[in-house]
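Below is one structure, written out as structure tokens, with a few remarks after it.
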Amino acid sequence: MSPKIKPDKLQENPRTKRFGKKVFFKHKVSSTNEWAKELAKLGAQEGTVAVAETQTAGHGRLNREWISPEGGLWFSIILRPKALASKAIQLVFVVGVAVAEVLRRRFRVKVETKWPNDVLVNGKKVCGILVEMNTTREEVNYVVTGIGINANFDVRKVLPRQLREVATSLENELGRKIRLEKLFNALLENLERTYDLYTVKGFTPVLQIWKKYANFLGHKVEVSNQEEKITGLALDVDDEGALVLKLEDGRARRVFIGDVSLCV
Ligand code: BT5
């Protein structure tokens, strides 16, 4: 089986109404998120997707490098939610739910969500999600949600040493390669369904599903961000997407930005 994506199989997903009706593909781009932002500025409709085989400047939050070799699934989808900017960050959880459900159902692997934007398989990061938005005052013009899934490569061969213990790929977990186009189509279908649930019923039902996968809840964690490192019991993720910690002195603290690691 070819480990690469077959571009002709990405077009026209018959099972979605809006997502993936227009799919742009390139072998190599700097970042599909940057590309999708350009497309959105030119007026691309909701559900338009930019996919690439490799990214030369894939990035995560705070412009951190996202390593994107051949064999991964790297794509970004344009959304135009009728939401206020302060709410649009909830889309990270919408995407997280869609990815987690597809990976669990398709591959029967142990999937977890980790606050705020990771999906793990067997405790290691297999997917990163990056939500970026363009706003005018409080109004959202468009949101670009980038999804990176480590699929058909061996992380021990392509990721730097420091990531090998914390990252994994579907190939590493399943012991085989998968069809990227099939995974792509399944993700678009589930993304559309979860996004529609969010649009119609709001954030609560989406967050409830996300929390079912959030095994870090109830455990002692350390959250680090640019300003501080905080240790506490991970109590909850609230309806604004903030992580609620119980600190050692018993006080509750809401955290909006950071990286979580389990304390052992
Ligand atoms: C993320 O950021 O996890 C979001 C990654 C989003 C990537 C997609 S790919 C398609 C689209 N185009 C883009 O340019 N981006 C999106 P963050 O939580 O900030 O995590 C970044 C950190 O993950 C890095 O600092 C590394 O430690 C680690 N990392 C980098 N590459 C990785 C990989 N392939 N697998 C697992 N971890 C990785």
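Quick caveat: nothing in here was measured; it's all calculated off a predicted structure.
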Look only at the side chain of [X] and the backbone of [Y], and say whether a donor-acceptor pair between them is shorter than 3.5 Å.
| X | Y | answer |
| --- | --- | --- |
| Glu222 | Ile230 | no |
| Asp236 | Asp238 | no |
| Thr135 | Ala85 | no |

Under 3.5 Å, is there a donor-acceptor pair between the [X] and [Y] side chains?
| X | Y | value |
| --- | --- | --- |
| Asn122 | Thr168 | no |
| Glu46 | Tyr142 | no |
| Thr32 | Gln55 | yes |
| Asp259 | Ser224 | no |
| Asn190 | Glu101 | no |
| His59 | Glu34 | yes |

Please examine the side chains of Trp115 and Val255, heavy atoms only from C-beta on, and report whether any two atoms are closer than 4.5 Å. yes
Kindly indicate, with the supporting measurements, whether the criterion side chain to side chain donor-acceptor pair (under 3.5 Å) is fulfilled by Asn152 and Glu171. CA-CA 5 Å; Asn152 290 339; Glu171 178 172 321; 6.0 Å; no
Side chain to side chain donor-acceptor pair (under 3.5 Å) partner of Asp196, chosen from Lys201, Arg18, Lys17: Arg18
Over 60° means perpendicular and under 30° means parallel, so tell me whether Trp74 and Trp66 are parallel, tilted or perpendicular. perpendicular
Enclosure of Gln226 CD (heavy-atom neighbours >12, cutoff 6.0 Å): no
For ring pair (Phe, Tyr, Trp, His ring centres under 6.0 Å), just list the numbers for Phe93 and Tyr198, CA-CA rounded to whole Å, side-chain angles, deciding distance to a tenth of an Å, and then say yes or no. CA-CA 10 Å; Phe93 299 87; Tyr198 171 70; over 10 Å; no
